[in-house]
Engineer: 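Pasting a structure here, questions to come.
Since the model is a prediction, treat every value here as computed from it, not as a measurement.
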Amino acid sequence: MLTPPAEAGHHAVARGVDGGGSARLRALSRLRRPDHAGGAGPAGGRGGRARGPHAGAWWLWALGLSTAASRTTNPALLALLAAVAGYVVAVCRVPDTPWSRSYAAFLRLGLVVVAIRLVFAVVLGSPVPGTHTVLTLPEVPLPDWAQGVRLGGRVTAEGLWFAFREGMRLATLLACLGAANALANPARLLKSLPGVLYEAGVAVVVAMTFAPHLVADVRRLRTARRLRGRTEKGVRALLQVGLPVLEGALERSVALAAAMDARGYGRTAAVPTAVRRATAALTLGGLLGLCAGTYALLAATGAAYGLPLLLAGLAAAVAGLRLGGRRSVRTRYRPDRWDATAWLITASGVAVAALTIWAAAASPAGLDPPVVPLTAPSLPLWPAAAVLLGLLPAHLKGARP
């Protein structure tokens with residue numbers, strides 16, 4: 001008697017499981033289990049790997065290291081901060097993702113900044129007086145209205161050392177930001193935005209995915225033209241490739257608009273006028289407080305009132321965003337949780353920033369050594385130990401891929 005196809009498939013699966021195929025099925029189920037992030041999924045992980053810590057925790061950790069870098073001009077401490085950020089990136093980043101190479105790009109940008117700062121110090125001079133002359137350039141006379149500015153003249157070792165320290169501080173800040181970009185998945189970070197900002201987050205995600213789709217379409221069409229033996233150069237080839245790419249972009253736009261409309265994008269709930277005004281006032285005041293507090297913390301002075309102002313602005317901004325979220329009618333698919341690993345990562349960056357600020361107030365000579373007289377930099381013990389606390393995420397099991 002002939003077996004129906006459905007029953008035959010069922011018996012084949014049963015024989016495969018009974019014959020040792022259950023191990024393979026269990027492996028496949030673990031590889032694509034919903035609570036794990038796939039290799040091409042939005043979480044940016046590999047099969048069988050957990051989603052990792054919250055993306056916002058990496059940014060707070062990096063901002064803590066940036067705050068520490070802004071409080072010192074000691075090249076030894078700045079190099080240690082960049083090394084700590086680089087080590088954590090090497091251990092905790094998810095490989096084979098577009099953003100995982102951000103740290104190297106920002107580090108190269110920082111080296112360019114140092115070189116430009118040194119060139120400016122040579123050409124435009126330095127405000128630091130020095131006695132060790134490195135070279136003397138021909139000085140260009142300037143009119144009276146350009147007092148305080150010179151071109152050329154004497155270049156001193158003290159001026160070059162001062163410019164190098166300032167450039168290295170900016171390069172370290174860029175390295176910390178590059179570490180945050182290399183560790184935090186931008187799609188997950190945008191998905192974690194408050195409800196009142198979700199429309200801006202969706203727009204940014206669509207803009208970020210538009211260019212990769214165009215590049216993939218161009219590569220696919222150029223490959224098809226090569227297989228057909230057609231040329232890839234000239235205006236005609238450009239038109240024959242550009243028109244299908246434009247058509248595909250328009251089709252994706254229409255499909256995306258239909259999908260967003262079907263999912264209720266842009267729907268808002270009715271909110272009283274008083275709540276809207278309170279939301280605007282709290283959000284605007286909170287953002288102003290955040291900006292003023294951050295500037296005070298990053299400046300050489302102002303740490304005493306910068307932290308309370310920052311906390312007050314943060315509380316006001318959070319309250320405003322929570323009230324504004326009432327207008328947003330939406331749900332989250334697999335929302336990111338702020339777990340214990342995220343708290344430890346954040347605490348690591350906050351500890352580095354707080355201890356560095358305290359060390360700068362207690363012994364400023366170690367974090368901001370004098371340029372004149374010219375001396376070799378030394379590594380202060382306690383600030384260096386505080387910076388090493390930033391290595392904590394590299395030893396957390398939940399932060400590693």
Engineer: Hey, could you give me the OG1/CG distance between Thr279 and Leu284, rounded to the nearest 0.5 Å?
Structural biologist: 12.5 Å

Engineer: Can you find a heavy atom in the side chain of Leu290 that is under 4.5 Å from one in the side chain of Leu310?
Structural biologist: yes

Engineer: If the condition is salt bridge (charged side-chain N to carboxylate O under 4.0 Å, His left out), which residues does Asp368 pass it with, not counting sequence neighbours?
Structural biologist: Arg165

Engineer: Run the side chain to side chain contact (heavy atoms under 4.5 Å, CB included) test on Leu379 and Asn74 for me, step by step, so that the C-alpha distance in whole Å, both residues' side-chain angles and the decisive distance to 0.1 Å come before the verdict.
Structural biologist: CA-CA 8 Å; Leu379 185 64; Asn74 191 326; 5.9 Å; no

Engineer: Do the side chain of Ser348 and the main chain of Leu389 share a donor and acceptor less than 3.5 angstrom apart?
Structural biologist: yes

Engineer: What class does the angle between the rings of Phe164 and Trp161 fall in, given that below 30° is parallel, 30 to 60° is tilted and above 60° is perpendicular?
Structural biologist: parallel

Engineer: Which atom pair, heavy atoms only, marks the closest approach of Leu355 to Ala386?
Structural biologist: CB-CB, 3.5 Å

Engineer: If you count the non-hydrogen atoms of other residues, nucleotides and ligands that lie under 6.0 Å from CH2 in Trp338, is the total more than 12?
Structural biologist: yes

Engineer: Over all heavy atoms of both residues, which pair between Gly366 and Pro380 is shortest? Give the atoms and the distance, please.
Structural biologist: O-CG, 3.8 Å

Engineer: Please determine whether side chain to side chain contact (heavy atoms under 4.5 Å, CB included) holds for the pair Ile345 and Leu392, giving the CA-CA distance in whole Å, both sets of side-chain angles, and the decisive distance to 0.1 Å.
Structural biologist: CA-CA 7 Å; Ile345 292 173; Leu392 177 63; over 6 Å; no

Engineer: Could you tell me which non-hydrogen atom of Leu309 sits nearest to which non-hydrogen atom of Ala292, and how far apart they are?
Structural biologist: CD2-CB, 3.4 Å

Engineer: Quick check for you: to the nearest 0.5 Å, what is the distance between His54 atom NE2 and Thr346 atom OG1?
Structural biologist: 9.5 Å

Engineer: Using a 3.5 Å distance criterion without hydrogens, assess whether the side chain of Asn185 forms a donor-acceptor pair with backbone atoms of Ala55.
Structural biologist: no

Engineer: Could you state the interatomic distance from CG (Leu81) to OG1 (Thr356), rounded to the nearest 0.5 Å?
Structural biologist: 6.5 Å

Engineer: Taking all non-hydrogen atoms of both residues into account, name the closest pair between Cys92 and Ala399 and its distance.
Structural biologist: CB-O, 3.4 Å

Engineer: Taking the side chain as every heavy atom from C-beta outward, state whether Val123 and Leu137 have any pair of such atoms under 4.5 Å apart.
Structural biologist: no

Engineer: Drop me the distance from Arg220's CZ to Arg225's CZ, to the nearest 0.5 angstrom.
Structural biologist: 13.5 Å

Engineer: Please lay out, stage by stage, how Leu367 and Thr73 fare under the test side chain to side chain contact (heavy atoms under 4.5 Å, CB included).
Structural biologist: CA-CA 6 Å; Leu367 274 73; Thr73 57; over 6 Å; no

Engineer: What side-chain donor-acceptor pairs closer than 3.5 Å can you find for residues 166-183, not counting sequence neighbours?
Structural biologist:
residue : atom : partner : partner atom : Å
Glu166  : OE1  : Arg169  : NH2          : 2.9
Arg169  : NH1  : Ser70   : O            : 3.3
Thr172  : OG1  : Met168  : O            : 2.8
Asn181  : ND2  : Leu177  : O            : 2.7

Engineer: What's the spacing between Leu135 CG and Arg154 CZ if we round to 0.5 Å?
Structural biologist: 11.0 Å

Engineer: Search all heavy atoms of Ser378 against all heavy atoms of Ala76 and return the closest pair with its distance.
Structural biologist: O-CB, 4.3 Å

Engineer: What are the two closest heavy atoms between Pro393 and Trp61, and how far apart are they?
Structural biologist: CG-NE1, 3.8 Å

Engineer: About how many Å separate OG1 of Thr72 and CD1 of Ile357, when rounded to the nearest 0.5 Å?
Structural biologist: 12.5 Å

Engineer: What class does the angle between the rings of Tyr87 and His395 fall in, given that below 30° is parallel, 30 to 60° is tilted and above 60° is perpendicular?
Structural biologist: tilted

Engineer: Which is it for Val88 and Trp58 under the side chain to side chain contact (heavy atoms under 4.5 Å, CB included) test, yes or no, and what are the steps along the way?
Structural biologist: CA-CA 10 Å; Val88 174; Trp58 289 121; 3.9 Å; yes

Engineer: Enumerate donor-acceptor pairs with a distance under 3.5 Å from any side-chain N or O in residues 108-118 to protein atoms, sequence neighbours excluded.
Structural biologist:
none

